[in-house]
Number of protein chains: 2
Amino acid sequence: MIYNWFYLNPRSGVPLYLQLKEQLKMAVAGGVLKPGDRLPPVRELAAALSVNPNTVARAYSELEREGLLSSEQGRGTFVRAAEPLLGREERKIQVQGLIDRVLVEAFNLRFTPVELQELWGERLKAWETRLQRGKGEKGNE
Amino acid sequence: MIYNWFYLNPRSGVPLYLQLKEQLKMAVAGGVLKPGDRLPPVRELAAALSVNPNTVARAYSELEREGLLSSEQGRGTFVRAAEPLLGREERKIQVQGLIDRVLVEAFNLRFTPVELQELWGERLKAWETRLQRGKGEKGNE
DNA sequence: TAAAGTGTATTAATGTATTAATACAATAAT
DNA sequence: ATTATTGTATTAATACATTAATACACTTTA
């Protein structure tokens, strides 16, 4: 069951819809949800997570705006198979911005470029193997 | 003048104190502000930026809590010279978390590990040279 | 010691975000 | 066609964040 991949904590301080968005992104990035997969209906997932359907709807719709999902009224919500909405150059700029912010933070935490390079390598490899693992499988178990 | 390194936009949607925090971090990470340097008094910087002194005070105090600055009542606020407050392991975990978030975002934007590796290398090098440049200089011009 | 310069704390005004309740609209199934 | 299923839009209640006004406390300097 795909539900088991999600867990919301109302007392964490992090908004429910943001927690869900984050976990949905993880599920897609990690291969648990694959392009074309259908997500649970808003009411169903909302019931399973004990939140208002609007909360799930907001997570879905924001992820649609960000190009990760695709919602069709009356049909359902799906993981987008095609390229995201943004163009190649725009996406690159966005990722660059993210990387720059990490670098600034890390330098302020007194990390050296060499240490950072090592840490980055570690994490990238970890995600690569995770993506590899989730390659052959199908469906939402 | 150090003031020239800061610019706040009240209509950007981003809170003023966050804009200032970000720019202060950049100034330190990039070597414009060096350990031991004194920052402008809250009232003075506030006047220069046309905001309430509390806004500057908040930026300063949060950066103090984060270990980047050090404020002393009656004396002023300075760039912290010593190691940050967090321990080595804690800092590593924090940076790892930041990196992971970038990776998730990037994968969802359909970047491949190879592309990411390249982009990361570019940005890291860019910051390295920037840090190098700001090494010999002294004071706030 | 008085005055000026500095960061800090308290309170209030205002805007924004979050969540829920409810009704609407489009599609699919019968 | 009718009903069930699905996403969407509107509104309201509530809490939180942001900024400003103002007074306070500590340090330096004359």
Side-chain angles (χ1 to χ4, degrees), chain A residues 2-3 6-24 33 36-81 85 140, chain B residues 2-3 6-24 33 36-81 85 140:
Chain A
I2 186 66
Y3 300 137
F6 308 121
Y7 172 74
L8 304 187
N9 177 6
R11 272 153 304 178
S12 77
V14 181
L16 299 171
Y17 79 95
L18 281 183
Q19 293 181 46
L20 182 53
K21 272 183 72 177
E22 191 66 22
Q23 290 173 32
L24 283 165
L33 286 171
D37 279 0
R38 186 183 179 200
L39 297 169
V42 289
R43 288 168 183 75
E44 198 176 315
L45 183 52
L49 299 175
S50 303
V51 299
N52 189 282
N54 282 330
T55 304
V56 176
R58 178 163 184 185
Y60 282 6
S61 78
E62 293 204 359
L63 289 173
E64 180 181 27
R65 188 168 46 73
E66 293 173 22
L68 189 66
L69 304 180
S70 140
S71 289
E72 301 168 49
Q73 190 158 314
R75 289 182 32 80
T77 299
F78 305 84
V79 178
R80 204 177 190 92
L85 301 176
N140 290 344
Chain B
I2 187 66
Y3 301 137
F6 308 121
Y7 173 73
L8 305 187
N9 177 6
R11 272 154 303 179
S12 77
V14 182
L16 298 170
Y17 80 94
L18 282 183
Q19 292 182 45
L20 181 54
K21 274 183 70 176
E22 191 66 22
Q23 290 173 32
L24 283 165
L33 286 171
D37 279 359
R38 187 184 179 201
L39 298 170
V42 290
R43 289 168 184 75
E44 199 175 315
L45 183 52
L49 299 175
S50 304
V51 299
N52 190 283
N54 282 330
T55 303
V56 176
R58 179 162 182 187
Y60 281 6
S61 78
E62 293 204 1
L63 288 174
E64 180 181 28
R65 188 167 45 72
E66 293 171 23
L68 188 68
L69 303 180
S70 140
S71 288
E72 300 167 49
Q73 189 158 317
R75 289 182 33 78
T77 300
F78 306 84
V79 178
R80 203 178 189 91
L85 302 175
N140 289 344

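Please read these numbers as outputs of a predicted model, since none were measured by experiment. Labels below follow one simple rule: chain letters A, B, ... track the order of the sequence lines, proteins then strands, and each chain is numbered from 1.
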| remark: A:Arg58 has its side chain closest, among D:dG7, C:dT18, C:dT6, to C:dT18
| request: To the nearest 0.5 Å, tell me how far B:Leu68 CG sits from B:Thr77 OG1. | output: 11.5 Å
| Of all the nucleotides listed (C:dT8, C:dT18, C:dT6), which has the minimum atom distance to the side chain of B:Ala57? | C:dT8
| message | Taking salt bridge (Lys or Arg N to Asp or Glu O under 4.0 Å) as the definition, give me every residue that meets it alongside A:Arg80, ordered by chain and number, with sequence neighbours left out. | response | none
| task | For nucleotides 20-30 of chain C, just jot down a letter per nucleotide in 5' to 3' order: B, S or -, based on protein non-hydrogen atoms under 4.0 Å. | result | BBB--BBSS--
| Hey, what do you get for CG (B:Leu24) to CG (B:Leu39), rounding to the nearest 0.5 Å? | 6.5 Å
| request: Give a yes/no on whether any side-chain N or O of A:Tyr17 is located under 4.0 angstrom from OP1 or OP2 of C:dT18. | output: yes
| query | Quick one: B:Arg65 CZ to C:dT8 C1', roughly how many Å, whole number? | reply | 15 Å
| request: Evaluate the side-chain proximity of B:Leu20 to B:Val51: yes if any heavy-atom separation is below 4.5 Å, no if none is. | output: no
| query | Which whole-number value in Å describes the distance from A:Arg38 CZ to D:dT5 P? | reply | 12 Å
| remark: Whole-Å distance, B:Leu18 CG to C:dT16 P, equals 15 Å
| Distance, rounded to the nearest Å, where A:Leu69 contributes CG and D:dG7 contributes P | 11 Å
| task | Give, for atom CG of A:Leu63 and atom CD of A:Glu22, the distance between the pair rounded to the nearest 0.5 Å. | result | 9.5 Å
| message | From CG of B:Leu49 over to P of D:dT19, roughly how many Å is that when rounded to an integer? | response | 13 Å
| task | Using atom OH of A:Tyr60 as one end and atom C1' of D:dT5 as the other, report the distance to the nearest whole Å. | result | 14 Å
| note | Distance col, row B:Leu16:CG vs B:Thr55:OG1, nearest 0.5 angstrom, shows 5.5 Å
| query | Are the side chains of B:Lys21 and B:Leu18 in touch, meaning some heavy atoms are under 4.5 Å apart? | reply | yes
| field | Length of the CD-C1' vector between A:Glu44 and D:dT6, whole Å | value | 11 Å
| request: Report the distance from atom CZ of B:Arg11 to atom C1' of D:dT18, rounded to the nearest whole Å. | output: 17 Å
